[in-house]
Amino acid sequence: MEDRGRGLPGLHRRRRQGQRLLRRGDQAQPGAADRRPTLTTSVRTARLRLTPVGPEDIEDLLLLYGDPIVARWTGPWTPESVAAWAVAMARRWSTAGVAKWMARDVADGSLVGRGGFTRIELDGTTVLELGWVVRDALTGRGYATELGRAAIAWAGEHFPELPIVAFTEVHNGASRAVMERLGMRLAGIIRRPGLVEGEPGIHPDAPFALYRL
């Protein structure tokens, strides 16, 4: 999981135990412009339609981040931080050509979740961090894996030169299982704000399992 509601990606830099993590989604990278999709570009899978996150999605994002399990792993969120996050995602799509999608059911348009990439620097290397969130009532149906596979295929077309990583708190077994189903392999532990098993609140130096494709 990623993009907790207490702060927006792209606004902070951390260095912990040799791990360097810098959000850079607001900066366009050299060579990306010729592959940059338009904001109207959508991705379809067997069950999902993925569309770039923008301000028009704030109502659905408030619904998504209001789910208790989603809020636990990605929050805390406020209406103001959700709105700011949606605006930031639209800006990332327009400047960097990569960000998060909303995920909706292709049959009826109902909200399933959101997911996609954040461009970051990890140990001095630019990478695409893959993340996803699925509504509480829809977990266990393979949606996260379906979204992840579509995102990986999309990145292979538009940003083949960038490695793909994902990370989550070490005790988030469900998310780690999705990473493994996507063919990702455990590459180490990084430290960043998040949850610590058995302890309340957000910790500034929580252990996250880092996976690489």
Identify the two heavy atoms, one from Val196 and one from His171, that lie closest to each other, and give their separation to 0.1 Å.
C-CE1, 4.0 Å
Checking the side chain of Thr74 only, and the main-chain atoms of Val70 only, is there a donor and an acceptor separated by less than 3.5 Å?
yes
Spatial distance of atom CG (Asp205) from atom CD1 (Ile190) [nearest 0.5 Å]
11.0 Å
Answer yes or no: are there more than 12 heavy-atom neighbours, outside Glu56 itself, under 6.0 Å from its atom CD?
yes
Under the salt bridge (charged side-chain N to carboxylate O under 4.0 Å, His left out) test, residues paired with Arg135 that sit two or more places apart
Asp67
Under a 4.0 Å N-O cut-off, is there an ion pair linking Arg114 with Asp60?
no
Is any side-chain heavy atom of Val127 closer than 4.5 Å to one of Glu121?
no
Which distance, rounded to the nearest 0.5 Å, do you find between the CG of Leu182 and the OG1 of Thr145?
5.5 Å
Interatomic distance, CZ@Arg49 vs CH2@Trp101, rounded to 0.5 Å, equals 13.0 Å
CG of Asn172 to CH2 of Trp73, rounded to nearest 0.5 Å, is 4.0 Å
Return the CE to CZ distance between Met179 and Arg181, rounded to the nearest 0.5 Å.
11.0 Å
What donor-acceptor contacts under 3.5 angstrom involve side-chain atoms of residues 137-144, with partners at least two apart or in another chain?
| residue | atom | partner | partner atom | Å |
| --- | --- | --- | --- | --- |
| Thr139 | OG1 | Asp136 | O | 3.1 |
| Arg141 | NH2 | Ala137 | O | 3.4 |

Which pair of non-hydrogen atoms, one from Val106 and one from Ala46, has the smallest distance, and what is that distance?
CG2-O, 3.8 Å
